[in-house]
Amino acid sequence: MIEPYGRTKAKLPLDLIDEARVAKSKLILVTALSPTPAGEGKTTTSIGLHEGLSKLGKKSVVVLREPSLGPVFGMKGGAAGGGYAQVVPMEDINLHFTGDFAAIEKANNLLAALIDNNLQNRKRTLNIDPRTIAWKRVMDMNDRALRDITIGLGGTGNGIPRQDGFNITPASEVMAILCLATGIEDLKQRFGNIYVGQRFDRTPVYGRDLNAQGAMALLLKQAIMPNLVQTLEGNPAILHGGPFANIAQGVNSVLATKMGLSLGDYVVTEAGFGADLGAEKFFDIKCRAAGLKPSAAVIVATVRALRYHGGADIKEVNTAAPEKLKVGLANLGRHIENIAKFGVKAVVAINHFPTDTPEEIELIKSYCKEHGAEAVLAQGFAKGGAGMTELAEAVLRIADGGTSALKPLYDLSLTIKQKIDVIAKEIYRADGVDYSGDAETAIRRIDKLGLSGVPICMAKTQYSFSDDKALRNAPTGFRITVRDIEISAGAGFVVPICGEIMRMPGLPEVPAAEGMDIDANGGDRVGRPAPSLAPSARQSMASVGRLSIWGRGPSHHAFRARAGTGRPGSRSTMAGVFPLPPAPRPLRPAVAGGRSPATGVAHPAPPPESLELFFRQSSLRDAGLGKRGCTSPFSSAVAGGMARNG
């Protein structure tokens with residue numbers, strides 16, 4: 001049976017995973033071109049594609065990562081989709097959700113505490129050399145001041161003074177392990193394999209030497225189970241894990257993906273940032289480890305990103321520039337070529353913004369056709385599933401056609417340097433790779449530990465194919481610099497640190513946190529500070545790039561676009577109000593005819609009042625999630641769009 005977390009969320013037990021169904025269902029990866037700093041809408045497109053497949057009568061599930069509080073309060077804001085392609089309850093998902101990140105943080109920091117306790121312990125010491133300790137503490141917040149710190153100060157009772165530092169929680173090896181583990185026993189074994197550092201005699205110390213694996217796994221007894229929520233159109237969504245793709249593997253958990261494949265015929269999943277990062281790691285790390293075989297890929301592109309890569313300033317990306325877009329198409333072309341190297345067929349989704357022009361959209365379609373890929377306009381933000389059926393049909397032609405056959409980019413028998421070289425030259429198009437002294441030392445240590453046969457998880461800027469974020473579009477004639485390599489023996493890969501990438505980000509000049517608040521009734525306002533916006537509600541929605549949730553007391557929330565003056569609380573002309581769980585009763589859109597006066601778009605039906613109703617109306621009950629059932633998981637209820645209560 002499921003484990004409800006209130007009325008809007010639930011945990012899915014691992015015994016629902018059916019390997020026979022996993023092998024039969026179709027897996028669809030959503031990736032993207034190299035993004036602008038604001039992101040290009042992979043999550044929105046993934047959710048929208050899921051809605052589109054459901055509109056076509058397919059038994060679909062979307063499987064996503066959980067948002068990190070770092071980006072939520074930092075540059076990006078929320079990460080639960082946007083417009084009419086969202087997972088709900090959005091404000092809970094973007095904040096603490098079911099506590100998975102907190103559990104991961106505690107497990108990581110438990111090991112850190114055990115390490116420092118052993119340094120202090122004279123009777124049971126492992127003789128760890130403090131200078132070699134590789135394990136860092138983590139916190140799920142952007143805080144540059146914690147990158148390099150000194151601990152153990154204040155006297156002999158406070159521990160052994162040493163240099164230490166924090167990573168952000170999505171960069172934790174505990175997060176990586178959770179996302180690759182196949183169950184509790186595998187989780188414990190991986191925790192035991194974590195490389196901690198060296199003794200004074202230069203022999204390695206692992207997590208198992210500190211007897212840490214049992215307690216660490218105990219802290220994750222709930223977090224190891226994937227989370228079930230729903231979309232605005234009442235379709236199932238599974239969220240689990242949240243490693244970043246620029247500093248970790250950038251994909252959701254193996255368990256969540258297999259859960260989706262067990263419960264649906266088509267699973268839409270995503271990998272972080274551009275295809276040079278998330279998709280490469282999805283294919284070479286996750287699929288290799290879990291035996292997954294994706295049937296199709298979707299590359300999300302936006303007109304504004306192509307303008308940016310063509311030379312437009314970030315402040316000019318919403319201004320039509322066909323000539324710059326033509327130049328920027330080289331970036332998209334390289335990603336199309338890279339996906340093909342893995343043997344997976346791809347569709348390009350043009351995530352639509354109101355500042356796009358017909359001329360620019362046609363330029364993208366023509367370019368993609370010349371490069372062997374179909375390009376389709378994706379309007380999930382504005383229209384939900386109804387705006388994504390054309391993309392869904394294009395994806396189905398590939399997924400059902402059986403033309404994809406995954407092949408990894410490199411053989412694991414290659415040396416560490418050879419594998420890095422393959423990624424740098426084949427995916428990034430670098431001329432070569434240079435290694436610092438620290439990186440050379442790390443490679444010798446990796447070989448000595450017997451880890452030379454593991455995959456590579458590159459840590460690199462997401463804004464460029466190179467390790468220099470200023471080199472946009474499709475640069476050539478550059479070299480990659482590896483300044484260090486971190487060992488993730490428990491996760492089963494190593495992490496080359498390229499260029500100036502940091503595993504603990506900092507906050508931007510104007511953090512999104514400054515636009516967040518809670519009212520006296522407990523209502524949330526989640527969103528980033530709004531600039532001066534265009535008068536059109538739809539344009540202003542695009543300018544901000546996301547919606548806000550305005551507190552309306554404990555019973556329901558108003559679902560609004562921030563528009564007009566751009567001041568918190570200002571009313572939008574697109575003022576569709578529908579209940580998000582746990583609303584006591586359905587509320588209809590507060591606009592004439594159920595359509596937005598700004599866009600003419602029909603509002604989707606309100607989602608179910610609670611997960612209890614969601615389970616009762618859906619055929620998730622067939623998988624043991626309810627008392628009554630039909631004959632097959634995700635059957636008739638999904639075919640017509642799950643859990644409609646209109």
Side-chain angles (χ1 to χ4, degrees), residues 107-108 111-112 114-116 118-119 125-138 162-165 167 171-182 185-213 216-217 243 247-249 281 284-286 288-289 408 410-423 433 435-459 482-498 503:
N108 183 105
L111 178 55
L114 291 171
I115 292 167
D116 283 299
N118 191 268
L119 293 178
T125 180
L126 293 173
N127 291 312
I128 301 172
D129 184 348
R131 299 167 298 176
T132 69
I133 294 172
W135 192 254
K136 291 187 175 183
R137 289 166 166 84
V138 298
R162 67 180 182 89
Q163 280 189 294
D164 196 10
N167 289 332
S172 167
E173 187 178 351
V174 175
M175 176 71 79
I177 287 171
L178 177 72
C179 288
L180 289 169
T182 57
E185 290 303 318
D186 184 42
L187 189 74
K188 289 195 290 186
Q189 183 174 352
R190 288 175 179 271
F191 285 158
N193 290 339
I194 289 173
Y195 174 74
V196 170
Q198 294 180 342
R199 296 177 177 87
F200 283 104
D201 63 6
R202 296 191 176 183
T203 57
V205 178
Y206 297 98
R208 57 181 174 268
D209 297 321
L210 292 154
N211 298 316
Q213 64 271 29
M216 292 174 71
I247 54 178
Q249 74 262 45
K281 296 169 186 178
D284 280 327
I285 298 177
K286 180 175 180 176
R288 196 195 305 254
Y410 53 81
D411 193 284
L412 292 179
S413 63
L414 297 176
T415 66
I416 294 296
K417 280 191 174 183
Q418 287 172 333
K419 285 179 279 198
I420 294 173
D421 198 61
V422 169
I423 296 171
V433 183
Y435 296 86
S436 70
D438 288 342
E440 293 283 5
T441 300
I443 290 172
R444 290 192 293 271
R445 184 178 301 120
I446 289 165
D447 291 339
K448 186 177 180 180
L449 292 172
L451 295 172
S452 60
V454 301
I456 304 297
C457 183
M458 301 289 280
V482 177
R483 75 170 196 268
D484 200 358
I485 302 179
E486 296 190 6
I487 298 170
S488 295
F493 54 67
V494 295
V495 185
I497 310 296
C498 302
R503 302 192 82 192

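The residues of the chain are indexed from 1 along the displayed sequence.
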The reported gap from OG in Ser172 to CD1 in Ile247 (rounded to nearest 0.5 angstrom) is 10.5 Å

Less than 3.5 Å apart, any donor N or O on the side chain of Arg137 or Asn108 sitting next to an acceptor on the other? no

If you round to the nearest 0.5 Å, how far is CG of Leu178 from CZ of Arg190? 10.5 Å

Looking at every non-hydrogen atom in both residues, tell me the closest pair between Lys419 and Leu414 and how far apart they are. CE-O, 3.2 Å

Distance, nearest 0.5 Å, that separates CD of Gln249 from SG of Cys457: 6.0 Å

Do Ile423 and Ile420 come within less than 4.5 Å of each other through their side chains, counting heavy atoms only? no

Would you tell me whether Ser436 and Asp438 have side-chain atoms, one donor and one acceptor, within less than 3.5 Å of each other? no

Here the gap from Thr125 atom OG1 to Leu119 atom CG, rounded to the nearest 0.5 Å, amounts to 7.0 Å

Give the intermediate values and the outcome of side-chain contact (heavy atoms from CB on, under 4.5 Å) for residues Asp209 and Val196. CA-CA 9 Å; Asp209 297 321; Val196 170; over 6 Å; no

Strictly below 4.0 Å, N to O, side chains only: are Arg503 and Asp484 in salt-bridge contact? no

Give me the atom names and distance for the closest heavy-atom approach of Ala171 to Ala248. CA-CB, 4.5 Å

Should Glu440 and Lys417 count as an ion pair when the cut-off is N to O under 4.0 Å? yes

Stepwise, does the side-chain contact (heavy atoms from CB on, under 4.5 Å) test hold for Leu412 with Arg288? CA-CA 10 Å; Leu412 292 179; Arg288 196 195 305 254; 3.5 Å; yes

Intermediate values then yes/no, side-chain contact (heavy atoms from CB on, under 4.5 Å), Val494 and Ile456: CA-CA 5 Å; Val494 295; Ile456 304 297; 3.7 Å; yes

Determine the minimum heavy-atom distance between Arg162 and Pro130, stating which atoms define it. CD-CB, 4.2 Å

Could you go step by step and tell me if Val138 and Val174 meet the side-chain contact (heavy atoms from CB on, under 4.5 Å) rule? CA-CA 10 Å; Val138 298; Val174 175; over 6 Å; no

Phe200 vs Arg131 side-chain heavy atoms within contact, under 4.5 Å: yes

More than 12 heavy atoms of other residues, nucleotides or ligands under 6.0 Å from CD of Gln198: yes or no? yes

Quick one: does Asp284's side chain get under 4.5 Å of Pro455's, heavy atoms only? no

Which atom pair, heavy atoms only, marks the closest approach of Tyr206 to Tyr195? CD2-CA, 4.0 Å

Ion pair present between Arg199 and Asp201, side-chain N to carboxylate O less than 4.0 angstrom? no

With Arg444 as the cation and Tyr435 as the aromatic partner, state whether NZ or CZ is under 6.0 Å from the six-membered ring centre and within 45° of the axis. no

Qualifying residue, where the test is side chain to side chain donor-acceptor pair (under 3.5 Å) with Asn193 and the options are Glu173, Arg208, Lys188, Gln213: Arg208

Kindly give the heavy-atom pair with the smallest separation between Met458 and Cys498, and that separation in Å. CE-SG, 3.5 Å

Looking at every heavy atom in both Leu114 and Ala212, which two are closest together, and how far apart are they? CD1-CB, 3.7 Å

Could you state the interatomic distance from CG (Leu210) to CD1 (Ile128), rounded to the nearest 0.5 Å? 5.0 Å

Give, for atom CD1 of Ile485 and atom CD1 of Ile446, the distance between the pair rounded to the nearest 0.5 Å. 4.5 Å

